[in-house]
A.B. asks: 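Structure below; questions to follow.
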Amino acid sequence: GWRFHRIWSTDWFYNRAAEIQRLEAALEMAKTVSENGIEVPGSNNFLPKPVPSATVANIEIPDIVERQMPAYQRSDVTASRFHEPHEVHSDVLAELVEKIVGLEGPIHQDEVARRVAEAFGKERAGARINKITLKALRKARQYSKVLRDDDEFWFTLEQQKSPLVSNRSSEQGPTLKACNISLIEIEGALAIARQDNAGGHDDDLIRTAAQLLGFKRVGPDLKARLEEGLQ
């Protein structure tokens with residue numbers, strides 16, 4: 001039912017006024033035809049019989065549930081409150097730090113020192129506790145078949161193979177520092193982000209991984225740390 005009106009470029013260039021008049025006349029005719037209705041020969045003679053459609057069952061689409069990772073669990077260990085950490089036998093400390101890593105790894109060695117301090121009823125881990133904690137970790141590694149480290153973070157072989165991604169939204173203090181989150185856990189979060197955002201750009205993956213780790217916003221330190229996991 002379409003009707004074309006052609007204006008050749010040479011006519012438009014050399015005889016534009018006449019072509020404008022022809023165009024105006026064509027538009028007026030088109031307006032008149034449209035008011036009377038358009039008939040296409042052969043197309044209005046019959047109406048096709050409706051084809052009965054099969055009954056379509058209603059499909060309920062479930063609400064999208066945002067993936068939630070388990071809350072970060074701190075290791076709850078206790079030690080003798082009648083002794084200072086440096087007064088305890090090295091084997092006792094080695095057993096203590098290995099238990100902390102087994103419950104909370106991959107974990108930064110400074111975090112391990114803070115757990116040791118808490119186990120002995122201390123409010124903070126000073127230089128002495130940091131030193132004996134590192135010494136205990138190295139001793140535990142000598143006798144353990146599964147304990148590993150990468151100079152800063154300590155973990156077991158199972159934690160390295162299948163890292164637990166934890167939600168830190170209820171945490172506070174050093175646990176929330178980007179530098180205290182292992183790249184092993186970050187790579188685990190990014191792997192889940194890729195599953196949830198197939199074909200997503202790096203910024204999308206970083207944003208999703210941060211949410212999985214319990215962060216509502218991605219600051220510069222966290223972004224830089226997550227970008228390390230993408231490399």
Side-chain angles (χ1 to χ4, degrees), residues 64-77 94-118 125 130 133-231:
I64 298 176
V65 179
E66 186 176 342
R67 190 193 288 265
Q68 290 286 338
M69 307 312 295
Y72 188 93
Q73 295 292 330
R74 293 195 181 200
S75 53
D76 186 14
V77 293
E95 183 179 351
L96 180 65
V97 297
E98 185 173 7
K99 184 177 181 181
I100 293 171
V101 173
L103 294 171
E104 208 169 334
I107 179 173
H108 196 282
Q109 60 191 31
D110 290 346
E111 283 286 290
V112 179
R114 279 186 278 272
R115 301 297 181 270
V116 170
E118 292 170 1
N130 280 318
T133 297
L134 182 57
K135 184 177 180 180
L137 283 166
R138 289 171 176 170
K139 183 170 185 177
R141 183 184 56 192
Q142 289 178 355
Y143 298 101
S144 174
K145 296 181 179 179
V146 298
L147 196 61
R148 298 290 186 273
D149 76 287
D150 60 5
D151 292 334
E152 288 186 308
F153 291 86
W154 291 76
F155 44 86
T156 65
L157 289 175
E158 182 61 29
Q159 291 166 346
Q160 183 181 28
K161 180 180 178 182
S162 303
L164 175 64
V165 178
S166 300
N167 185 310
R168 289 166 167 75
S169 58
S170 298
E171 284 295 309
Q172 57 184 356
T175 310
L176 292 177
K177 289 185 177 180
C179 60
N180 285 338
I181 305 176
S182 168
L183 286 178
I184 294 175
E185 184 176 358
I186 286 175
E187 289 170 358
L190 289 169
I192 297 174
R194 287 189 182 93
Q195 294 176 8
D196 294 349
N197 298 273
H201 297 294
D202 287 353
D203 287 343
D204 298 325
L205 298 179
I206 288 174
R207 194 160 41 246
T208 301
Q211 291 172 351
L212 294 173
L213 291 167
F215 293 91
K216 293 183 178 180
R217 59 180 295 272
V218 183
D221 292 342
L222 180 59
K223 183 179 181 181
R225 187 65 170 161
L226 291 169
E227 286 175 343
E228 285 187 64
L230 288 171
Q231 296 174 2

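We use all heavy atoms of the structure for the numbers below, so side chains are in, but hydrogens, waters and symmetry mates are not.
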A.B. asks: For a 4.5 angstrom cut-off between non-hydrogen side-chain atoms, does Arg74 reach Thr175?
C.D. replies: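 Yes; the side chains approach each other to less than 4.5 Å.
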A.B. asks: Within the structure provided, determine whether Pro174 and Glu111 are in side-chain contact (heavy-atom separation under 4.5 Å).
C.D. replies: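 Contact flag for Pro174/Glu111 side chains = yes.
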A.B. asks: For the residue pair Asn197 and Thr208, confirm or rule out a side-chain donor-acceptor distance under 3.5 Å.
C.D. replies: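 Checked: Asn197/Thr208 side chains pair up, N/O donor to acceptor below 3.5 Å.
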A.B. asks: Quick check: do Phe215 and Leu222 have side-chain heavy atoms less than 4.5 Å from each other?
C.D. replies: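 Yes - at least one pair of side-chain heavy atoms lies under 4.5 Å apart.
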A.B. asks: So Glu158 and Val146, do their side chains get closer than 4.5 Å, heavy atoms only?
C.D. replies: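 Val146 vs Glu158: side chains apart.
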A.B. asks: Measure across Met69 and Asn167 and return the closest heavy-atom pair with its distance rounded to 0.1 Å.
C.D. replies: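 In terms of heavy atoms, the two residues are closest at O-CB, 3.5 Å.
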A.B. asks: Gln109 side chain to Leu134 main-chain N or O, any donor-acceptor pair under 3.5 Å?
C.D. replies: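 The answer is no, because no donor-acceptor pair under 3.5 Å joins these two groups.
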A.B. asks: With a cut-off of 6.0 Å (strictly less than), are more than 12 heavy atoms of other residues, nucleotides or ligands near NZ of Lys139?
C.D. replies: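 Yes, the 6.0 Å shell around NZ holds more than 12 heavy atoms from other groups.
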A.B. asks: Find out whether Leu230 and Leu205 are in side-chain contact, i.e. whether some heavy atom of one side chain is under 4.5 Å from a heavy atom of the other.
C.D. replies: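 The answer is yes, as the side chains (C-beta and beyond) meet within the 4.5 Å cut-off.
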A.B. asks: If I compare all heavy atoms of Pro106 with all of Gln159, which pair ends up nearest, and what's the gap?
C.D. replies: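 That would be N-OE1, 4.0 Å.
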A.B. asks: When you measure from the side chain of Arg225 to the backbone of Ile181, do you find a donor-acceptor pair of N or O atoms at a distance under 3.5 Å?
C.D. replies: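 Confirmed, Arg225 side chain pairs with Ile181 backbone.
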A.B. asks: Would a 4.5 Å heavy-atom cut-off, applied to side chains only, mark His108 and Lys177 as touching?
C.D. replies: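 No. Closest side-chain heavy atoms not under 4.5 Å.
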A.B. asks: Verify, without hydrogens or angle tests, whether Glu185 (side chain) and Ser166 (backbone) share a donor-acceptor contact under 3.5 angstrom.
C.D. replies: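 Checking the backbone N and O of Ser166 against the side chain of Glu185, a donor-acceptor pair under 3.5 Å is found.
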A.B. asks: Between Ile100 and Trp154, is any pair of side-chain heavy atoms under 4.5 Å apart?
C.D. replies: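 Counting from C-beta outward, Ile100 and Trp154 never come under 4.5 Å.
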